[in-house]
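FYI, side chains are in, hydrogens and waters are out, and symmetry mates aren't considered; it's all heavy atoms of this structure.
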Amino acid sequence: MPLIERDPIEVEVRPVSPFRLPRHNGSDRIVQKQGSGLRRLLVKHGAAVVVAVRPSGSGTYRFSAAPVQPEQVSGPGSEGLVEADGPRLEAAIEDFRFSLGIDEDMTPFRDAFIGDPLLGPAIRQGIESRSSRRADPWEALAWAVSEQLIEYRRAAAIQRRTINRWGLSVELPSPFGRRDRRREGERLRTAPSPEAIADASPAELQACDLSAKRALALIRCAKEVSRGRTDLRNPDDDRRLLAIPEVGPWTLACLALRGRGDPDALLAGDLGHIKLVGALAGLGRPARIDEVEAFYAPYAPFRGIAGDFLLASRGRAVSGPGNRARIREAA
């Protein structure tokens with residue numbers, strides 16, 4: 001039985017600003033490299049969709065979305081999937097485009113700060129880059145909770161365990177055929193849905209190395225979303241998330257920057273920013289959160305993007321490789 005019965009829909013996109021695809025596929029391995037492009041599995045309005053993008057020449061990129069037969073998908077909630085129709089396929093492409101930032105106009109940011117002594121060199125070196133985003137705001141929130149207080153590589157390992165335990169997955173056929181042992185079919189996976197995490201027990205999440213407090217926080221966040229009490233695309237609903245212990249300003253800034261694309265959402269609690277600002281401001285010590293916020297204030301309304309650009313260009317020299325822990329949420 002074929003995995004995908006009909007031809008995918010395709011969309012040709014010309015970025016409005018200089019753009020390049022990410023050079024890596026992310027530590028959670030949800031997005032996979034495919035030749036010169038990328039692809040991933042998304043669930044849109046109850047349907048599984050494989051979305052992909054590749055350069056198509058003359059500065060354009062070709063996005064595609066193909067429906068996956070529900071019976072080929074495994075994982076919690078797969079029994080309720082439906083086959084994707086045209087609107088679902090189009091919506092999946094929109095989500096993938098958002099996650100890559102290909103439609104983002106970087107001109108106002110570049111023009112505002114190209115002459116800045118700190119930010120200008122970072123802009124000139126990497127204006128094709130975009131702030132990291134997630135295709136679904138729930139992914140941004142869930143991963144933010146998992147990344148609190150721990151080193152980045154450990155958080156990525158937790159994320160991969162939760163994906164393997166609660167994510168949906170589908171195996172795509174090998175392009176070489178099953179008789180060719182050079183490559184088996186590749187398995188694409190989704191992040192766990194809020195419904196799957198809402199039904200999980202704290203002990204199960206702790207078995208993935210998530211701390212007890214953050215396991216409870218993640219479950220409470222999942223219940224808010226899965227039961228329709230919180231719309232993660234609506235900033236006005238953030239107050240409900242703030243009522244959850246262990247969810248604070250840093251987590252909500254991650255949701256805003258990574259899940260909604262808010263260019264001014266500054267991740268002031270990143271240890272990378274704490275160290276970077278301490279060094280750049282000549283403090284002789286790690287900066288406090290309020291000092292980080294004051295340092296980035298001149299970059300409004302692009303504080304989040306400015307922070308990502310400075311960390312990408314200067315952060316490794318200050319923090320060291322792999323040292324991207326987060327400090328405790330500020331009240």
Side-chain angles (χ1 to χ4, degrees), residues 2-26 28-70 72-73 75 77-78 81-106 128-140 143 163 167-173 175 186-191 193-194 231-233 257-263:
L3 182 67
I4 299 171
E5 289 187 320
R6 56 179 175 154
D7 292 336
I9 67 169
E10 294 188 336
V11 177
E12 196 88 5
V13 177
R14 181 176 296 278
V16 295
S17 295
F19 172 83
R20 65 165 179 257
L21 290 174
R23 294 172 179 170
H24 56 83
N25 55 357
D28 60 17
R29 300 172 188 167
I30 287 178
V31 178
Q32 293 188 1
K33 295 284 286 185
Q34 184 186 30
S36 60
L38 302 169
R39 67 180 175 182
R40 67 162 293 171
L41 179 66
L42 277 173
V43 175
K44 195 64 184 176
H45 303 310
V49 180
V50 173
V51 289
V53 60
R54 68 181 188 277
S56 55
S58 301
T60 63
Y61 294 81
R62 185 175 296 275
F63 285 78
S64 64
V68 179
Q69 296 180 35
Q72 299 296 311
V73 183
S78 59
L81 292 174
V82 299
E83 187 169 333
D85 56 12
R88 288 181 172 91
L89 297 178
E90 293 170 0
I93 287 179
E94 288 297 317
D95 286 349
F96 199 31
R97 287 171 65 166
F98 168 82
S99 71
L100 297 172
I102 193 170
D103 300 299
E104 185 175 3
D105 186 0
M106 298 293 287
E128 301 90 353
S129 301
R130 299 292 187 269
S131 290
S132 174
R133 291 178 178 176
R134 310 300 305 192
D136 187 294
W138 163 251
E139 289 181 15
W143 277 189
I163 289 168
L168 297 178
S169 68
V170 63
E171 187 173 359
L172 300 183
E186 296 182 30
R187 185 164 291 276
L188 299 180
R189 301 179 186 273
T190 69
S193 68
D231 178 2
L232 295 182
R233 299 184 189 276
L257 181 64
R258 312 297 185 205
R260 299 187 192 123
D262 179 356

Novice: Do Phe63 and Leu100 make a side-chain contact, defined as non-hydrogen atoms from C-beta onward lying under 4.5 Å apart?
Specialist: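 Touching, per the 4.5 Å side-chain cut-off.
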Novice: Taking Arg233 for its side chain and Pro137 for its backbone only, find out whether a donor-acceptor pair lies under 3.5 Å.
Specialist: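 Absent.
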Novice: For Ser56, enumerate each residue passing the side-chain hydrogen bond (donor to acceptor under 3.5 Å, both in side chains) test, keeping only those at least two apart in sequence or located in another chain.
Specialist: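 Testing Ser56 for side-chain hydrogen bond (donor to acceptor under 3.5 Å, both in side chains), a comparison that skips the adjacent residues, returns Glu12, Thr60.
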Novice: Tell me which pairs pass salt bridge (Lys or Arg N to Asp or Glu O under 4.0 Å) where either residue lies in residues 42-54, with sequence neighbours left out.
Specialist: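 Found Lys44-Asp95.
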Novice: Please enumerate all residues that pass salt bridge (charged side-chain N to carboxylate O under 4.0 Å, His left out) together with Arg134, with sequence neighbours excluded.
Specialist: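 Checked Arg134 against salt bridge (charged side-chain N to carboxylate O under 4.0 Å, His left out); matches are Asp28, Glu139.
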Novice: For the OG1 atom of Thr190 and the CD1 atom of Ile30, what is their distance to the nearest 0.5 Å?
Specialist: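 So the OG1 of Thr190 and the CD1 of Ile30 are separated by 7.0 Å.
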Novice: Can you sort out the partners of Pro55 under side chain to side chain contact (heavy atoms under 4.5 Å, CB included), two or more places apart, ordered by chain and number?
Specialist: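 In terms of side chain to side chain contact (heavy atoms under 4.5 Å, CB included), with neighbours along the sequence ignored, Pro55 is linked to Leu21, Ser36, Tyr61.
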Novice: Ignoring hydrogens, what is the shortest heavy-atom contact between Leu168 and Leu41? Give both atom names and the distance.
Specialist: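 Result for this residue pair: O-CD2, 4.0 Å.
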Novice: Would you please name every residue forming a side-chain hydrogen bond (donor to acceptor under 3.5 Å, both in side chains) with Asp136, sequence neighbours left out?
Specialist: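 Partners of Asp136 by the side-chain hydrogen bond (donor to acceptor under 3.5 Å, both in side chains) criterion come out as none, since no residue qualifies.
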Novice: Can you name the nearest heavy-atom pair linking Leu89 to Pro67, along with the distance?
Specialist: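 Closest approach of Leu89 to Pro67: CD2-N, 3.7 Å.
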Novice: Testing the basics here: between Pro15 and Gly59, what is the closest heavy-atom pair and its distance to 0.1 Å?
Specialist: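 Closest approach of Pro15 to Gly59: CD-O, 3.2 Å.
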Novice: Test of understanding: with side-chain hydrogen bond (donor to acceptor under 3.5 Å, both in side chains), list the residues that count as partners of Ser131, not counting sequence neighbours.
Specialist: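 Listed in chain order: Asp308.
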Novice: With sequence neighbours excluded, what pairs up with Asp103 under the side-chain hydrogen bond (donor to acceptor under 3.5 Å, both in side chains) test?
Specialist: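 Checked Asp103 against side-chain hydrogen bond (donor to acceptor under 3.5 Å, both in side chains); matches are Arg97.
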Novice: Going by the rule side chain to side chain contact (heavy atoms under 4.5 Å, CB included), which residues pair with Glu128 if we only count those two or more places apart in sequence or in a different chain?
Specialist: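 With sequence neighbours excluded, Glu128 shows a side chain to side chain contact (heavy atoms under 4.5 Å, CB included) to Pro18, Arg20, given in chain and number order.
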Novice: What heavy-atom pair brings Val49 and Ala65 nearest, and what distance separates the two atoms?
Specialist: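 The pair with the smallest heavy-atom distance is CG1-CB, 3.8 Å.
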Novice: Take Arg62 and Val11, measure what side-chain contact (heavy atoms from CB on, under 4.5 Å) needs, and give me the verdict at the end.
Specialist: CA-CA 6 Å; Arg62 185 175 296 275; Val11 177; over 6 Å; no
Novice: Is Ser132 close to Arg258 at the side-chain level, that is, under 4.5 Å between some pair of heavy atoms?
Specialist: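 Arg258 vs Ser132: side chains touch.
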Novice: So which heavy atom on Trp138 is nearest to which on Ser193, and how close?
Specialist: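 Closest approach of Trp138 to Ser193: NE1-C, 3.7 Å.
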Novice: For Ser64 versus Ile93, what's the shortest heavy-atom pair and its separation?
Specialist: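 Shortest heavy-atom contact: C-CD1, 4.0 Å.
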Novice: Please list, chain by chain and in numerical order, all residues satisfying ring pair (Phe, Tyr, Trp, His ring centres under 6.0 Å) with Phe98, sequence neighbours excluded.
Specialist: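 Scan of Phe98 (ring pair (Phe, Tyr, Trp, His ring centres under 6.0 Å), adjacent residues dropped) gives none.
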Novice: Is any side-chain heavy atom of Val73 less than 4.5 Å from a side-chain heavy atom of Val43?
Specialist: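 They are not in contact (no side-chain heavy atoms under 4.5 Å apart), so the answer is no.
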Novice: Would you indicate whether the side-chain heavy atoms of Arg88 and Val82 approach each other to under 4.5 Å?
Specialist: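 Yes, their side chains come closer than 4.5 Å.
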Novice: Between Gln72 (side chain only) and Leu172 (backbone N and O only), is there a donor and an acceptor less than 3.5 Å apart?
Specialist: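 Looks like no, no N/O pair under 3.5 Å.
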Novice: What residues, two or more places apart in sequence or in another chain, satisfy salt bridge (charged side-chain N to carboxylate O under 4.0 Å, His left out) together with Arg130?
Specialist: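 In terms of salt bridge (charged side-chain N to carboxylate O under 4.0 Å, His left out), with neighbours along the sequence ignored, Arg130 is linked to no residue.
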Novice: With sequence neighbours excluded, tell me which residues meet salt bridge (charged side-chain N to carboxylate O under 4.0 Å, His left out) with Arg14.
Specialist: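 Result, salt bridge (charged side-chain N to carboxylate O under 4.0 Å, His left out) vs Arg14: none returned.
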Novice: About how many Å separate CD of Gln32 and CG of Leu188, when rounded to the nearest 0.5 Å?
Specialist: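 Spacing of CG (Leu188) from CD (Gln32) equals 4.5 Å.
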Novice: In chain order, what residues pass the salt bridge (charged side-chain N to carboxylate O under 4.0 Å, His left out) check against Arg189, with sequence neighbours excluded?
Specialist: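 Arg189: no salt bridge (charged side-chain N to carboxylate O under 4.0 Å, His left out) contacts found.
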